[in-house]
Each structure stands twice: as structure tokens, then as C-alpha cells.
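Only one structure is covered here, and it is reproduced in the block below.
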Amino acid sequence: MSIESYPPVLRRHLGGRRRPEEEAEAMEEANPVPVIDLEVLGLKEEERKLEEACKEWGLFRLVNHGVPSTLLEELQGVAKELFALPFEAKEGACSGTVSYFWGTPALTPSGTTAITMNMNWLEGFDVPLSQLSHFNPHLPTLQSIRLLLIDYKTHLWRIATTLFEAMAKNLELDLKFSKPYLAENTGMVRVYRYPHYHDTNVGWGMESHTDSSVLSILNQDHEVSGLQVLKDDQWLTVKPISNTLIVNLGDMMQAMSDDRYKSVSHRVSINKQKERISICYFVFPGEDVVMESSKYKPFTYNDFRAQVQQDIKTLGYKVGLPRFHQNHDQST
Ligand SMILES: O=C(O)CCC(=O)C(=O)O
Ligand SMILES: [Fe+2]
């Protein structure tokens with residue numbers, strides 16, 4: 001048998017990459033996720049902690065973030081209600097700006113969908129935050145989410161800019177150039193539900209990946225665990241703790257930091273007993289802003305997204321940043 005005879009998506013699993021199932025998992029107690037306090041981020045000691053978290057983990061837990069705990073809980077509650085609606089109601093509720101998706105099957109090169117091992121056990125709503133005022137759904141639960149998001153998005157942008165400026169300072173980036181690397185109008189929220197299932201070997205809630213964003217901010221279920229982060233070759237389960245947010249760094253942050261900061265690999269496991277809700281925010285560079293760094297060729301986020309989409313279509317997976325490396329051979 002020659003491995004080259006397999007479609008790329010299958011080679012990836014056979015060709016020496018470790019299968020996620022074979023890797024040990026542990027709770028984060030043994031190696032706790034770093035905690036950053038937003039209220040004292042101006043202090044030297046907290047800046048140092050942030051620097052270490054960005055370098056060593058690419059992920060941290062944010063406390064004293066200023067979002068009322070009632071708002072975080074209401075978002076979780078209304079999302080739960082929304083997903084509890086019949087499938088047809090959810091499918092029929094969206095048009096235009098907000099979309100409903102499930103399973104995210106991979107595309108074959110011909111464009112037809114194929115059920116592959118990349119099937120994610122989830123359903124979700126995609127909400128571009130800049131479009132909230134044009135979105136006027138009939139479904140009362142979707143309308144409630146919309147109203148909560150109008151409030152939440154102000155907090156998200158405040159948190160994202162505060163963290164970004166602290167990171168830019170640590171990295172000694174010139175804010176004059178790097179400010180457009182974080183653009184408010186690119187902000188989007190994905191509201192997910194991961195169904196529970198007794199046999200967790202059927203797959204993943206979401207397979208191992210890095211985010212393409214600059215920063216991602218997660219309001220994860222306060223009770224049901226699922227999010228796992230790769231740290232020193234070990235998968236750690238990130239504990240659900242109420243009134244805290246999880247922040248992870250994406251590919252764009254890794255690029256602008258010249259690889260000093262880490263776009264962290266993470267995934268979501270299926271829970272045996274309970275479904276899990278998460279409300280995730282992603283923010284990106286302005287679409288046509290050229291990212292300059294010493295490790296990568298200059299590229300815009302548009303270039304990056306197009307390449308990711310093409311790789312998913314033809315190879316079945318995201319290659320991501322290595323495609324843009326200064327010495328990357330385009331033929332591979
Ligand atoms: O649901 C989560 O906790 C994580 C979701 C995620 O990683 C993503 O949407 O990129
Ligand atoms: Fe992610």
C-alpha cells in the first residue's frame with residue numbers, strides 16, 4: 001500500500017500524525033491555565049504574566065473582565081432555549097446575515113459535500129456583529145439573543161482592544177502600524193451547541209485546530225466541560241468556571257508577533273451526559289490590511305482566508321500559517 005494513493009484527508013491520519021484519540025488527556029489541575037486579571041493589566045507584574053501566557057500557552061482565563069455575570073448567564077440561557085427549538089424552526093429562522101449550520105462536513109474538490117471523519121458534532125449560529133442592526137428575526141429567542149449581543153459586543157470590543165494594546169506593548173509593536181490589525185467591524189460571534197452522546201469515540205465536537213483570528217474570547221458553558229488545549233504535547237481539559245472568560249490567540253496574532261506568541265491548538269470533546277453551549281467571539285485584521293512581519297510574506301486576512309478555504313476544499317484540512325512562511329515552497 002502506498003500512502004500517496006490515499007486522498008489527502010486520509011493520508012493526514014495515516015501518515016505519522018498522531019491520532020487525537022491516542023493522546024493522553026488530563027484535567028487542568030496538574031497544569032493550571034494562566035489567569036489574567038483585566039482590572040490590573042496596567043501593572044508591570046500583570047503585563048509579565050500576560051507575556052508568559054501568550055508565549056507558553058496562547059490561551060488564558062480572564063477574570064475581572066467587567067462583563068456583568070448576569071449578561072453572561074442570560075446569553076447562555078437564551079442560547080439553550082434557542083437550540084431546544086425544532087430543527088426546522090432554527091433552519092427557517094435565518095436569512096441574509098445570520099446563518100445556521102451543523103456538522104460542518106468537509107467539501108470534496110468537486111464541491112459536493114462528503115461525510116468524512118471531519119464531521120463535527122455541533123450546531124451553531126454565525127452572527128456578524130456589525131450586521132446586528134440589519135437583523136430583525138421573527139423568532140423571539142433569536143430576537144432576545146440579538147438584544148443581548150448588542151450589549152455584549154461593546155464589552156467584547158473593550159476587552160479585545162485592552163488585551164491587544166497590552167500585547168502590542170509587550171511585543172514593542174508600533175501601534176501606528178498595528179492598530180488596523182484589529183478591526184471592530186470584523187467581529188463575529190458563533191453560538192454553539194454540542195450534543196451529548198454516550199459513545200465519545202464517534203468523533204469530536206470540534207476537531208483540533210487553531211483559530212484564524214487575532215483573538216478569540218469564549219463564554220463557555222459554566223457546568224459542562226469540553227474545551228481542551230494542547231500544552232507541551234498534552235491535551236488539557238479547560239475547567240468550566242462561571243464568570244470567567246477564556247481568551248485564545250489566533251494565527252494573525254502569531255504572525256504579527258513573528259512567532260513569539262502562539263496560536264494555540266485546541267479542540268472540543270463530546271460530553272457523555274450533557275450538551276454544552278459556548279458563545280465565541282472572533283476578531284480579525286481589517287480585510288485589506290497588509291500584515292507585515294519578519295517570518296511571513298506580507299499578506300492580507302483576505303489572502304489568508306481564501307487560502308484556508310482552498311486547502312479545506314482540496315486537501316480536506318487547513319494548512320494555515322506555514323503557507324505564508326518566507327521560505328514556503330508554493331509547490332507543496
Ligand atoms: O466551543 C468552544 O469552546 C470552542 C470553539 C472553537 O474553538 C471555535 O469555534 O473555533
Ligand atoms: Fe477555535
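Just follow the structure's listing: the first ligand is 1, and inside any ligand the first atom is 1. Keep in mind that what you see is a predicted model, and the values were worked out from it rather than measured.
- A donor-acceptor pair is defined here as one N or O able to donate and one able to accept, closer than 3.5 Å; no such pair exists between the side chain of T186 and the backbone of L182.
- Of the candidates R193, R190, R276, R193 is the only one forming a salt bridge (charged side-chain N to carboxylate O under 4.0 Å, His left out) with E123.
- Note that CD of Q254 and OG1 of T210 are 8.0 Å apart. Values are rounded to the nearest 0.5 Å.
- In this structure, OG1 in T300 is found 13.5 Å from CZ in F284, a value given to the nearest 0.5 Å.
- The aromatic rings of Y100 and W102 sit tilted relative to each other, their planes meeting at an angle between 30° and 60°.
- For the Fe ion (ligand 2), the count of nearby protein N/O/S atoms, taking only those under 2.8 Å, is 3.
- Listed by first and then second residue, the salt bridge (charged side-chain N to carboxylate O under 4.0 Å, His left out) pairs that reach into residues 52-73 are E28-R61, R48-E52, E51-K55, sequence neighbours excluded.
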Write out each pair where an N or O from ligand 1 and one from the protein are under 3.5 Å apart, with the distance.
unit_1: ligand 1; atom_1: 1 (O); unit_2: Y194; atom_2: OH; d: 2.6
unit_1: ligand 1; atom_1: 1 (O); unit_2: R276; atom_2: NH1; d: 3.3
unit_1: ligand 1; atom_1: 1 (O); unit_2: S278; atom_2: OG; d: 2.6
unit_1: ligand 1; atom_1: 3 (O); unit_2: R276; atom_2: NH1; d: 3.3
unit_1: ligand 1; atom_1: 3 (O); unit_2: R276; atom_2: NH2; d: 2.8
unit_1: ligand 1; atom_1: 7 (O); unit_2: H209; atom_2: NE2; d: 3.1
unit_1: ligand 1; atom_1: 7 (O); unit_2: H266; atom_2: NE2; d: 3.0
unit_1: ligand 1; atom_1: 9 (O); unit_2: Y192; atom_2: OH; d: 2.5
unit_1: ligand 1; atom_1: 10 (O); unit_2: H209; atom_2: NE2; d: 3.0
unit_1: ligand 1; atom_1: 10 (O); unit_2: D211; atom_2: OD1; d: 3.0

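- Ring-plane geometry between H325 and Y296 is classed as perpendicular, the angle between the planes exceeding 60 degrees on a 0 to 90 degree scale with a lower cut at 30.
- Under the rule for a ring pair (Phe, Tyr, Trp, His ring centres under 6.0 Å), the partners of Y194 that lie at least two apart in sequence or sit in another chain are Y192.
- In summary, D251 and K318 engage in a salt bridge, as defined by a charged side-chain N under 4.0 Å from a carboxylate O.
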